[in-house]
Amino acid sequence: MQEIRNYTMNFGPQHPAAHGVLRLIMEMDGETIVRVDPHVGLLHRGTEKLAESKPFNQSIGYMDRLDYVSMMCNEHAYVRAIETLLGIEAPERAQYIRTMFDEITRILNHLMWIGSNALDLGAMAVMLYAFREREELMDVYEAVSGARMHATYYRPGGVYRDLPAQMSQYRESPWHKGADLKRINSWREGSMLDFLDAFTADFPSKVDEYEVLLTTNRIWKQRTVGIGVVSPELAQQWGMTGAMLRGSGVEWDLRKKQPYAKYAEMDFDIPVGVNGDCYDRYLVRVEEMRQSNRIIRQCVEWLRANPGPVMVKNFKVAPPSRVEMKQDMEALIHHFKLFTEGYCVPAGETYCAVEAPKGEFGCYLVSDGANKPFRVHLRAPGFAHLSSMDTLVRGHMLADVVAMIGTYDLVFGEVDR
Amino acid sequence: MTDTPKTSLAGQLAARFGDTLAISSMRNETVAELAAGDLITVATALRDEPAFRFSELIDLCGIDYLGYGQIEWDTETVSSTGFSRGVEGQAQGRFDWAGRPRGERRPRRFAAVIQLLSIEHNRRLRLRVFCEDDSLPLVPSLTAVWPGVNWFEREAFDLYGIIFDGHPDLRRILTDYGFVGHPFRKDFPLIGNVEVRYDPEQKRVIYEPVSIEPRVLVPRTIRDDADLMQAKAEAADHWREN
């Protein structure tokens with residue numbers, strides 16, 4: 001009889017389904033996985049060490065680049081940790097703005113996830129539809145911060161600036177013209193809040209479109225139902241959070257259980273799965289998009305009615321206005337000190353977490369009283385999730401590994417840091 | 001919900017573990033320090049006992065306390081010695097691989113910090129374990145208690161050189177294949193050690209010593225609390241708006 005042996009296969013780091021720079025060493029028995037050893041770190045930039053060598057504020061921009069599809073949520077964790085140690089609190093309007101942008105970010109992230117996950121499993125169209133809405137939301141990012149992705153918008157003590165009164169419009173170009181241009185700009189006549197109002201009124205119908213493409217799709221269900229089943233016990237043993245935990249039926253969401261910003265005032269529901277397979281996690285994330293949409297609408301309503309400051313009036317932490325600087329010596333000195341030296345954070349340590357789209361994103365911050373952090377550790381949900389890969393995919397087929405990478409919602413910016 | 005000593009986590013921990021844990025609470029965060037030898041028994045109890053049920057280990061990270069509280073910019077004796085005060089000290093950005101500080105000793109330099117989460121009680125707890133020997137920092141591995149700690153321990157080993165006794169697969173995880181040193185230690189230069197490039201003559205990627213110069217743009221300084229107290233006072237009476 002012919003002897004059949006296991007063989008080892010290399011997957012990535014350049015592979016379209018690897019979501020970045022994942023390298024998997026897989027021991028295969030035919031098409032079945034016997035053992036898998038993920039190699040990560042190919043995108044390691046030493047963010048935490050870099051942060052130790054810079055004043056606190058200069059590292060906010062690095063946070064965007066960790067999980068680069070849920071930028072503002074990462075900033076939120078870091079900024080909250082600094083605020084906790086400083087003992088300051090952002091003004092109410094800033095808190096609402098943060099809540100709103102956390103949810104905008106969640107939709108951005110889930111759109112990216114639904115598109116790429118479907119693409120990995122053979123459904124090309126979803127990616128194109130998802131990017132249609134991502135484009136609108138990235139315009140919101142741009143309107144508020146000037147950058148479409150890496151916003152650096154949250155600051156300790158509030159947000160960088162108030163929401164713009166005018167949403168920018170598209171000009172005529174070979175790509176946007178005629179009736180198409182008119183349609184795109186019709187939402188952009190008013191302020192950014194008007195735009196978000198129009199967007200959120202329309203968005204649920206867009207989610208319906210994705211669902212039409214996938215939810216009852218026979219191929220989609222064949223690829224996801226019963227694949228990568230995570231029991232609630234297993235999820236907790238492996239430190240899973242976010243949709244990975246909720247997909248297994250554990251009702252755990254930091255926005256409800258340990259509310260931060262203005263989540264305590266928001267009316268929204270936490271979807272949970274039943275079977276803990278890839279399909280349940282898909283359903284959970286789709287429903288999260290609808291719930292995020294609800295939260296954004298509530299924030300828009302409040303923000304319209306309540307103007308006010310978006311930054312603490314504390315010149316040790318927040319810069320004075322340009323006008324003030326030019327009239328007031330004191331303000332000029334504050335500005336100079338803040339931008340050359342930064343502010344000193346009282347000695348102590350804290351762990352602050354937010355419910356990022358992928359799970360719990362936490363920041364463990366140690367200060368020795370200096371103007372630079374002594375130690376910053378960023379707890380990335382993807383890192384914990386990916387470590388369970390070997391346990392989960394043993395006995396599955398090779399193609400299921402791709403479904404698993406998709407359902408983990410991996411981004412290597414945060415896994416490798 | 002107000003916590004009494006009986007219902008608070010710190011109180012419960014003190015009642016259950018006694019002197020094994022050194023407990024402190026700050027801003028609703030409970031921290032327990034313990035000896036490496038007690039870690040496994042305490043962790044197992046924290047996971048299993050109904051009063052605690054810390055079912056999830058959220059995070060484990062290494063920390064290097066070398067140079068804690070050291071400054072490069074003296075704020076006490078202002079201007080008597082001029083601007084030279086600005087370049088004192090040995091912060092990570094100021095030395096290269098050859099000039100890295102060696103032989104500096106600090107008792108209890110390395111520690112592993114663990115964040116636990118109890119989903120049942122909706123509580124968090126932070127554990128800190130100091131390594132006794134700086135030259136061979138050793139902590140027992142928690143992989144048998146929470147399997148999810150596996151990669152976090154590998155990371156702490158990779159970046160800080162903390163050895164987790166009993167870990168099934170203690171390899172480097174984030175740094176390059178064949179990397180030398182533990183880059184997050186405070187005596188490891190910020191600019192790193194080697195850089196890589198493709199060499200067209202040898203037709204392969206080669207490693208070379210780093211070509212960039214170490215430099216620090218903003219010196220590390222610790223301001224007296226007066227600064228912050230003043231800021232708090234200013235914020236309190238809104239003097240600017242008046």
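Model, not experiment: these values are computed from the prediction.
- Taking the centre and axis of the six-membered ring of F315(A), the NZ or CZ atom of K337(A) falls outside the cone set by 45° and 6.0 Å.
- Neither side chain, H167(B) nor D169(B), offers a donor N or O lying under 3.5 Å from an acceptor on the other.
- For the set Q258(A), K257(A), E233(A), the entry with the most heavy-atom pairs within less than 4.5 Å of chain B is Q258(A).
- Interface remark: of the candidates R172(B), R126(B), M26(B), R126(B) forms the most heavy-atom pairs closer than 4.5 Å to chain A.
- Considering only heavy-atom pairs separated by less than 4.5 Å from chain A, the leading option among I173(B), D176(B), I119(B) is I119(B).
- Summarising the local packing, CD of E89(A) is surrounded by 12 or fewer heavy atoms from other residues, nucleotides or ligands at distances under 6.0 Å.
- R27(B) touches chain A through its side chain: at least one heavy atom from C-beta onward sits under 4.5 Å away, while N, CA, C and O do not.
- By number of non-hydrogen pairs under 4.5 angstrom with chain B, the leading residue of T84(A), L43(A), L234(A), L50(A) is T84(A).
- Of the atoms belonging to P183(B), it is backbone heavy atoms, and not side-chain ones, that fall under 4.5 Å from chain A.
- Among the candidates L159(B), I58(B), D158(B), L57(B), the residue making the largest number of heavy-atom pairs closer than 4.5 Å to chain A is I58(B).
- Options V216(B), V149(B), D59(B) differ in how many heavy-atom pairs under 4.5 Å they form with chain A, and the most are formed by D59(B).
- Listed options T391(A), L386(A), V366(A) were ranked by heavy-atom pairs under 4.5 angstrom with chain B; first place goes to L386(A).
- When each of G41(A), G239(A), A370(A) is scored by its heavy-atom pairs under 4.5 Å with chain B, the top score falls to A370(A).
- When heavy atoms are compared at a cutoff of 4.5 Å, D64(B) approaches chain A solely by way of its backbone atoms N, CA, C and O.
- Here the closest non-hydrogen pair linking G158(A) and P91(A) is CA-CD, 4.5 Å.
- In terms of heavy-atom pairs under 4.5 Å with chain B, the best-connected choice from S53(A), A353(A), S388(A), S387(A) is S387(A).
- Side chains of T241(A) and E360(A): no donor on one and acceptor on the other come within 3.5 Å.
- Cation-pi geometry between R417(A) and F383(A) is met: the NZ or CZ atom falls under 6.0 Å from the ring centre, inside 45° of the normal.
- In the model, S211(B) has a side-chain atom that pairs as donor or acceptor with a side-chain atom of E195(B) under 3.5 Å.
- Chosen from H39(A), H385(A), E349(A), the residue pairing most often with chain B at heavy-atom distances under 4.5 Å is E349(A).
- The side-chain tip of R47(B) does not point at the ring of F54(B) from less than 6.0 angstrom away and within 45° of straight on.
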